[in-house]
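Some notes on the structure that comes next.
All heavy atoms count here, side chains included; hydrogens, waters and symmetry mates do not.
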Amino acid sequence: MELSTILIITAIVLIIAAGAGYLYFKQRNTQKLFQEARNMASQVPKQKKNGFLLLMFKEALSASKDKNKQSALSAKFNNPKYLNLQLIQMNRAIKNPENISDKKMKNALKLLSQYQRWEKGQNNALKNKSEAKAS
């Protein structure tokens with residue numbers, strides 16, 4: 001084999017390995033986020049759950065870009081008026097997602113739909129385990 005062929009094969013293998021590593025870590029971090037969201041959503045009333053989750057995902061996306069504004073973010077969540085206003089806006093966004101033009105909000109809506117699919121899968125897995133133990 002020529003040297004150029006070996007270099008090309010090595011480069012392809014390295015690109016594939018880097019892509020697989022990126023997908024693994026992205027999936028792992030998404031699973032962590034969903035677990036935290038599930039734990040937090042258990043404390044929220046059912047009628048406000050989806051709005052709260054959407055707010056959490058939106059703030060998580062904005063916090064990942066601005067990591068130095070954590071204190072301002074926690075101060076916002078301690079203000080009940082701000083939180084109620086945001087929950088109303090999130091519920092409007094859930095009811096009418098076609099009118100959303102904000103990129104962060106669109107990504108948060110995608111995360112919410114992914115979370116809902118993940119949660120259904122988790123519930124089905126728990127249901128199957130309990131049925132297997134019962135039989």
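Atom OG of Ser62 and atom CG of Asn107 lie 11.5 Å apart (nearest 0.5 Å). From Leu109, atom CG reaches atom NZ of Lys58 across 10.5 Å, with rounding to the nearest 0.5 Å. Rounded to the nearest 0.5 Å, atoms CD (Gln114) and CZ (Phe57) are 9.0 Å apart. To the nearest 0.5 Å, atom CG of residue Leu61 and atom NZ of residue Lys110 are 11.0 Å apart. We find the CZ-CG distance between Phe52 and Leu112 to be 12.5 Å, quoted to the nearest 0.5 Å.
Counting heavy atoms from C-beta outward, Gln116 and Asn50 have side chains that approach closer than 4.5 Å. For the pair Leu54 and Met105, the minimum side-chain heavy-atom distance is below 4.5 Å. Between Leu83 and Leu55 the shortest side-chain heavy-atom distance falls below 4.5 Å.
Of all non-hydrogen atoms in Arg38 and Gln122, the two that sit nearest each other are NH1-CB, 3.2 Å. Smallest separation of non-hydrogen atoms from Met56 and Ala37: CE-CA, 3.6 Å.
Here salt bridge (charged side-chain N to carboxylate O under 4.0 Å, His left out) pairs that include residues 39-49, with residues two or more places apart or in two chains, are Lys49-Glu119. Among residues at least two apart or in separate chains, there is no side chain to side chain donor-acceptor pair (under 3.5 Å) pair with a member in residues 90-99.
The hydrophobic cluster containing Ile88, built from Ile/Leu/Val/Met/Phe/Trp/Tyr side-chain heavy atoms closer than 4.5 Å, comprises no other residue.
Around CD of Gln47, the count of heavy atoms belonging to other residues, nucleotides or ligands within 6.0 Å exceeds 12.
Applying the side chain to side chain contact (heavy atoms under 4.5 Å, CB included) rule to Ile6 yields the partners Met1, Thr10; only residues at least two apart in sequence or on another chain are considered. With sequence neighbours left out, Asn128 forms a side chain to side chain donor-acceptor pair (under 3.5 Å) with no residue at all.
Taken together through direct or relayed side-chain contacts under 4.5 Å among Ile, Leu, Val, Met, Phe, Trp and Tyr, Val44 and Met40 form part of one hydrophobic cluster.
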Give the table of side-chain donor-acceptor pairs shorter than 3.5 Å for residues 13-34, with sequence neighbours excluded, one pair per line with atom names and distance.
residue, atom, partner, partner atom, Å
Asn29, ND2, Phe25, O, 3.3
Thr30, OG1, Lys26, O, 2.7
Gln31, OE1, Trp118, NE1, 2.7

